[in-house]
Amino acid sequence: MSTDVIVLAAGKGTRMYSDQPKVLHPLGGKPMLSHVLDAAAAIDAETIHLVTGFQSAQVREYFDKHPVATPLNWVEQREQLGTGHAVMQAVPSVSDDKTVLVLYGDVPLISPASLQQLRDKAEATGIAVLTLVTDNPAGLGRIIRDDQDRIVAIVEEKDATPEQKRITEINTGIMAFNAGRLKTWLASITTANAQGEYYLTDTVAIACGDGGTVSGLQTFDDDEVQGVNNRLQLADLERSYQRRQARQLALQGVTVSDPARLDIRGPITVGRDVMLDVNVILQGSNRLGDRVTIGPNVILIDCDIGDDCVILANSHLEGARLSSACTIGPFARLRPGTELGAHAKIGNFVETKKSTIGAGSKVNHLSYIGDASVAENVNIGAGTITCNYDGVNKYKTTIEADVFVGSNTALVAPVSIGRNATIGAGSVITSNVPESDLAVARGRQKNIRGWKRPVKK
Ligand code: UD1
Ligand code: CA
């Protein structure tokens with residue numbers, strides 16, 4: 001049987017105190033709602049019906065820019081009249097033979113495994129509820145079971161008797177249905193309750209009244225059903241998510257100095273014997289080869305790091321591709337378009353941008369290399385700057401193999417330095433240097449013999 005998913009995301013998210021829709025707030029580097037859509041995709045949902053209301057244009061705009069593989073059906077819920085009402089807006093576009101799962105856009109860590117099991121149960125009985133036993137059921141719908149332990153109703157906190165409020169098994173909100181039967185049940189729910197809302201949860205008692213069986217699936221993982229209503233809950237869930245990723249990496253063979261001090265905000269691929277020190281942030285999509293060592297406080301954004309590279313403390317790399325055995329930092333900044341050959345070295349306080357630096361070349365201290373092509377075995381002295389920008393346009397610097405650039409050199413682009421050339425320290429190079437020449441472009445030193453310093457009057 002094929003499956004559709006309805007995601008409820010029309011709520012206002014008042015307690016986020018944000019101009020951004022709640023479901024677009026990121027967790028692990030991507031919107032909460034994207035996690036939910038990924039879970040739906042993982043169980044092969046045919047169509048995802050996205051019920052939005054408050055700030056729906058912003059949500060739509062995001063997914064127009066970041067398309068997902070599963071077809072999305074956008075459903076507008078103009079007034080938020082309850083979870084039942086939200087589902088009513090979506091069901092007309094779900095065919096009766098389907099199994100339909102109802103997820104929440106603000107419950108991001110729901111696991112495909114639980115959804116799979118819940119779907120199986122709904123396929124057997126027509127209706128299934130994901131429940132959790134918790135010490136803190138306040139505010140949530142309670143699961144009412146009869147003396148034979150069968151689920152017969154869900155009662156919202158505001159409608160519950162003091163005795164029902166003592167029940168610790170709660171409705172996570174995540175449910176699965178046979179679509180045809182869901183439509184019939186929805187037709188008979190009313191707003192006769194404490195909140196005057198259409199409760200999706202009323203389908204449970206209605207199904208039982210019809211003589212049906214309601215399946216329950218209990219989860220033991222409270223993170224997967226944790227909803228986010230404020231930024232404290234979001235921060236707590238972020239920590240759980242990060243700890244989970246760190247644990248997974250450690251079990252997969254990565255040395256993680258402290259699983260509580262690692263943040264992975266996107267997909268990563270890692271080789272063998274990778275070492276991640278404390279406070280490392282891996283953002284976007286990153287690949288780390290075998291035996292890569294990442295020092296403390298390093299940020300990698302969309303990088304490809306070859307085998308045996310060492311990134312020392314406090315370095316910031318974005319959109320960089322490193323071949324094997326490069327050494328970076330400490331305190332280096334590699335900007336997008338940086339490509340390093342094997343054994344290249346970028347030292348402290350060096351910034352690179354849109355530049356290739358060949359195998360074995362070194363830029364060890366205090367330099368800016370931008371829009372440059374540097375070949376193999378080049379040594380760039382401390383304080384060298386490629387002057388790539390005249391205030392209007394950008395120009396290229398080309399440095400051929402085996403060049404030695406003396407310290408504190410300004411290379412005024414466009415300029416090229418021929419193979420094996422040498423540049424004297426402190427030079428301002430404004431024209432090309434032929435192969436194997438020495439270029440010195442600075443004032444000559446003048447010594448004045450026996451110079452008398454002025455004396456105080
Ligand atoms: C609901 C359940 C409750 C469960 C709890 C778990 C009902 C009646 N109650 O509570 O049993 O324990 O979730 O968190 O279903 N939404 C809409 N449109 C609406 C109303 C809600 O899209 O008209 C969305 C919200 O954005 C949110 C989700 O549905 O993502 C749940 O709404 P919320 O108000 O948080 O849940 P409750 O109704 O309090
Ligand atoms: Ca909620």
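Computation of the quantities below employed the complete heavy-atom set of this structure, encompassing side-chain atoms and omitting hydrogens, waters and symmetry-equivalent molecules. Every number for a ligand or one of its atoms is a count from 1 in the order of the listing.
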At a 4.0 Å threshold, what atoms of ligand 1 neighbour a non-hydrogen atom of Thr201? 7 (C), 8 (C), 11 (O), 15 (O)
So, does His85 sit close enough to ligand 1 that a heavy atom of it is under 4.0 Å from the ligand? no
Do Gly141 and ligand 1 have an N or O pair less than 3.5 Å apart? yes
Please tell me whether Thr3 and Arg119 have a donor and an acceptor in their side chains that are separated by less than 3.5 angstrom. yes
Please check whether Glu156 reaches ligand 1 - meaning an N/O of the residue sits under 3.5 Å from an N/O of the ligand, judged on distance alone. yes
Can you list the ligand 1 atoms lying under 4.0 Å from a non-hydrogen atom of Gly82? 19 (C), 20 (C), 23 (O)
Under a 4.0 angstrom heavy-atom cut-off, which atoms of ligand 1 come close to Asp106? 27 (C), 30 (O)
Does a donor on one side chain and an acceptor on the other come within less than 3.5 Å for His85 and Glu197? no
Tell me whether Ala9 reaches ligand 1 (any heavy atom closer than 4.0 angstrom to a ligand atom). yes
Kindly indicate, with the supporting measurements, whether the criterion side-chain contact (heavy atoms from CB on, under 4.5 Å) is fulfilled by Arg333 and Ser315. CA-CA 6 Å; Arg333 179 170 184 215; Ser315 296; over 6 Å; no
If only atom types and distance count, is the side chain of Asp302 paired as donor or acceptor with the main-chain N or O of Ser285 below 3.5 Å? yes
For ligand 1, which is the ligand I care about here, please tell me if Glu79 has any N or O atom under 3.5 Å from one of the ligand's N or O atoms. no
If we only count N/O pairs under 3.5 Å, is Tyr199 in contact with ligand 1? no
Looking only at distances, can you tell me whether any N or O atom of Asn229, backbone or side chain, sits closer than 3.5 Å to an N or O atom of ligand 1? no
Numbered atoms of ligand 1 (with element) below 4.0 Å of Asn171, judged on heavy atoms: 2 (C), 3 (C), 4 (C), 6 (C), 11 (O), 12 (O)
Considering distance alone, does some N or O of Val51 sit under 3.5 Å from an N or O of ligand 1? no
Is Ile170 near ligand 1, meaning one of its heavy atoms is under 4.0 Å from it? no
Quick one: do the Glu238 and Gln242 side chains pair a donor with an acceptor below 3.5 Å? yes
Set of ring pair (Phe, Tyr, Trp, His ring centres under 6.0 Å) partners for His35, sequence neighbours left out: Tyr241
Provide the number and element of each atom of ligand 1 under 4.0 Å from a heavy atom of Leu140. 5 (C), 6 (C), 12 (O), 14 (O)
Checking Glu76 now: which residues fulfil side chain to side chain donor-acceptor pair (under 3.5 Å) with it, not counting sequence neighbours? Ser56
Is Ala10 close to ligand 1, meaning an N/O of one under 3.5 Å from an N/O of the other? yes
So is Gly11 polar-close to ligand 1, meaning N/O to N/O under 3.5 Å? yes
Could you verify whether a donor N or O on one side chain and an acceptor N or O on the other, from Glu224 and Thr219, lie under 3.5 Å apart? yes
Under 4.0 angstrom from ligand 1, any heavy atom of Leu81? yes
